[in-house]
A.B. asks: 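A single structure is presented below for examination.
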Amino acid sequence: MNYWLFKSEPYKYSWDNLCKDKQTYWDGVRNYQARNYMRQMEIGDFGLFYHSNEGKEAVGIVKIIKKCYPDHTFKPEPNKSNPWEMVDIAAVAPLKKAVTLAAVKSNPELSNMALVTKQRLSVQPITPEEWQKVLDMAETKQPERGAAL
DNA sequence: GCCAACGTTGGC
DNA sequence: GCCAACGTTGGC
């Protein structure tokens, strides 16, 4: 069981959008590091949904519902196969209290979180310890395996 | 709106 | 294979 963090700019696709859709394709990733993390995702893994730019806070819990497969937003090019992949995620539960970037930064126990150290990476791993800390800060309980919105 | 960080591209 | 130029992300 691994934990992840998905960044999205709310004006493009927000937590509210995801709650309405219930699930979505995490498509359009154009960064190899992010893609490699997606390849490691397993069905049932949990993740945080983070609003970048506006909000700058983790707002909800998601889970992986489909393993990595080819990204359908890739435009075919001659002599080039599609290097990009995506996963499907579903909303699980909102965080009771959003966890802001400022709060993460001011917590010495979270100083190694990728959110702080790999600022620009849009798909990130979270350690179980960090995951638990963030849930504590959010005053939110670990969801049941298989929980859904 | 600015700019630092950093990934990608392309000339050599 | 190096590195300068350029583009993008995302915090401030």
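Labels below follow one simple rule: chain letters A, B, ... track the order of the sequence lines, proteins then strands, and each chain is numbered from 1.
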A.B. asks: Atom CZ of Arg120(A) to atom C1' of dC6(C): distance rounded to whole Å?
C.D. replies: 12 Å
A.B. asks: Between Gln40(A) and Trp4(A), is any side-chain donor less than 3.5 angstrom from a side-chain acceptor?
C.D. replies: no
A.B. asks: Can a salt bridge be assigned to the pair Glu9(A) and Lys12(A) using a cut-off of 4.0 Å between side-chain N and carboxylate O?
C.D. replies: yes
A.B. asks: Does dG10(C) have OP1 or OP2 sitting under 4.0 Å from an N or O in the side chain of Lys7(A)?
C.D. replies: yes
A.B. asks: Expressed in angstrom and rounded to an integer, what is the separation of Glu54(A) atom CD from dG1(B) atom P?
C.D. replies: 14 Å
A.B. asks: Can you tell me the distance, in whole Å, between the CD atom of Gln119(A) and the P atom of dA4(B)?
C.D. replies: 12 Å
A.B. asks: Which whole-number value in Å describes the distance from Gln33(A) CD to dT9(C) C1'?
C.D. replies: 14 Å
A.B. asks: Considering only side-chain heavy atoms of Leu101(A), which listed nucleotide, dC12(C), dG7(B), dG10(C), is closest?
C.D. replies: dC12(C)
A.B. asks: Arg30(A) has an atom CZ; how far is it from atom P of dT9(C), in whole Å?
C.D. replies: 11 Å
A.B. asks: Cut-off 3.5 Å, side chains only: do Thr73(A) and Asp71(A) have a donor facing an acceptor?
C.D. replies: yes
A.B. asks: Without decimals, in angstroms, what is the distance between Leu115(A) CG and dT9(C) C1'?
C.D. replies: 13 Å
A.B. asks: Separation of Glu57(A) atom CD from dC12(C) atom P, in whole Å?
C.D. replies: 13 Å
A.B. asks: On DNA chain B, does the nearest nucleotide to Asn53(A) precede the nearest nucleotide to Tyr32(A) from the 5' side, or the other way round? Give the residue.
C.D. replies: Asn53(A)
A.B. asks: Measure CG/Leu121(A) against P/dT9(C) and give the value in whole Å, please.
C.D. replies: 12 Å
A.B. asks: Between Tyr50(A) and dG11(C), is there a side-chain N or O to OP1/OP2 distance below 4.0 Å?
C.D. replies: yes
A.B. asks: Give one of base, sugar-phosphate or nothing for Lys118(A), where a contact means two heavy atoms less than 4.0 Å apart.
C.D. replies: nothing
A.B. asks: Just checking Tyr32(A) against Trp84(A), ring centres under 6.0 Å apart?
C.D. replies: yes
